[in-house]
Amino acid sequence: MFETDNEIVITVITSALLMLFLIVIVVFAVVQYQNRLRKYVQEISNLKIAFQEEILNIQNEMEEQT
């Protein structure tokens, strides 16, 4: 299969670089996912706060009308 030691070394180095590249891609994907998740959670939190504020405003308006 391998004829020289150089071919073995090149194969090992190439395999290591490929594994490193794949690890970098996976880490990058996880970081991107975490960032998107954090933005989503923040957006949901902001919407909940806005909803609660709107409910309070409506309650205040109803009290003023009565």
Side-chain angles (χ1 to χ4, degrees):
M1 184 169 172
F2 296 110
E3 295 181 14
T4 65
D5 289 338
N6 284 341
E7 288 179 353
I8 294 173
V9 170
I10 290 172
T11 302
V12 168
I13 291 173
T14 303
S15 298
L17 289 175
L18 180 61
M19 291 296 289
L20 181 63
F21 179 70
L22 292 174
I23 290 170
V24 168
I25 288 175
V26 168
V27 168
F28 180 74
V30 168
V31 168
Q32 289 289 1
Y33 173 76
Q34 290 293 327
N35 286 338
R36 288 182 189 158
L37 184 61
R38 190 177 311 116
K39 287 179 185 177
Y40 172 75
V41 168
Q42 182 65 40
E43 184 178 342
I44 294 297
S45 177
N46 290 342
L47 288 172
K48 285 180 181 179
I49 291 170
F51 181 70
Q52 290 297 327
E53 289 174 353
E54 187 64 29
I55 288 175
L56 287 174
N57 288 338
I58 291 171
Q59 286 176 342
N60 288 337
E61 288 178 11
M62 289 176 64
E63 286 177 5
E64 288 176 2
Q65 289 178 359
T66 58

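Residue numbers run from 1 in the order of the sequence given. For clarity, every value in this text was computed on a predicted model and none was experimentally measured.
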query: Residues sharing Leu22's hydrophobic cluster, by side-chain heavy-atom contacts under 4.5 Å among ILVMFWY, directly or via others?
result: Leu18
- prompt: Is there a donor-acceptor contact under 3.5 Å from the side chain of Ser15 to the main chain of Thr11?
  reply: yes
- prompt: If you measure from CD1 on Ile25 to CG on Leu20, what distance do you get to the nearest 0.5 Å?
  reply: 10.0 Å
Partner residues of Val24 under the side-chain contact (heavy atoms from CB on, under 4.5 Å) criterion, sequence neighbours left out: none
- prompt: In the hydrophobic clustering that connects Ile, Leu, Val, Met, Phe, Trp and Tyr at side-chain heavy-atom distances below 4.5 Å, which members other than Phe51 occupy its cluster, ordered by chain and number?
  reply: Ile55
message: Through direct or indirect side-chain contacts below 4.5 angstrom among Ile, Leu, Val, Met, Phe, Trp and Tyr, which residues connect to Ile23?
response: Val27, Val31
message: Taking side chain to side chain donor-acceptor pair (under 3.5 Å) as the cut-off, I'd like each qualifying pair that reaches into residues 48-60, sequence neighbours left out, listed once.
response: none
message: Give me each pair satisfying side chain to side chain donor-acceptor pair (under 3.5 Å) with a member in residues 21-44, each pair once, sequence neighbours excluded.
response: Asn35-Arg38, Gln42-Asn46
field: Co-members of Ile13 in a cluster of I, L, V, M, F, W and Y side chains, linked at under 4.5 Å
entry: Val9, Leu17
